[in-house]
Amino acid sequence: MDQGIEFKGHVHLCTGCWIGIGAVILPGVRVGRNAVVAANAVVTKDVPDYAVVAGIPARVIKRLDGPSNSKPEMT
């Protein structure tokens, strides 16, 4: 209690993101839309939309397919 509390901001989790078990997300970090944080990852920076991050510190290891802007073809 004598050490005090320092608040550095909220963690912002966007729609559709997945957080693996044991992952640590530091204060002030934004996890993008449909992003995936791997188990036991330590996220120190913002995660882009549609990215998979893993490791300590977490890094982008893969990009996921984003929303398609094209119309489905009619057959």
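Just so it is clear, the model here is predicted, and its values are computed rather than measured.
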Participant: Could you pull out the closest heavy-atom pair between Ala41 and Ala54, with the gap in Å?
Facilitator: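 Nearest heavy atoms, Ala41 then Ala54: CB-CA, 4.1 Å.
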
Participant: Please tabulate, for the side chains in residues 12-21, all donor-acceptor contacts under 3.5 angstrom to protein atoms that are two or more places apart in sequence or on a different chain.
Facilitator:
none

Participant: Counting only pairs under 3.5 Å, give me each side-chain donor-acceptor contact of residues 42-50, with atom names and distances, residues two or more places apart or in other chains.
Facilitator:
from	atom 1	to	atom 2	distance (Å)
Asp46	OD1	Arg30	N	2.9
Asp49	OD1	Arg30	NH2	3.2
Asp49	OD1	Arg33	N	2.8
Tyr50	OH	Asn34	ND2	3.2

Participant: As an exercise, state the distance from CZ of Arg59 to CD1 of Ile61, rounded to the nearest 0.5 Å.
Facilitator: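 Nearest 0.5 Å value for the CZ-CD1 distance: 12.0 Å.
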
Participant: Where do Val37 and Ala23 come nearest, in terms of heavy atoms and distance?
Facilitator: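 Smallest interatomic distance, heavy atoms only, reads CG1-CB, 3.8 Å.
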
Participant: Indicate if Val31 and Val60 have the same hydrophobic cluster label, given that clusters are the connected sets of ILVMFWY residues with side-chain heavy-atom separations under 4.5 angstrom.
Facilitator: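 Linked, Val31 and Val60 end up in one cluster.
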
Participant: With a 4.5 Å cut-off on side-chain heavy-atom distances among I, L, V, M, F, W and Y, is there a chain of contacts connecting Ile56 to Val52?
Facilitator: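 No; tracing contacts between hydrophobic side chains, which count when under 4.5 Å, never links both residues.
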
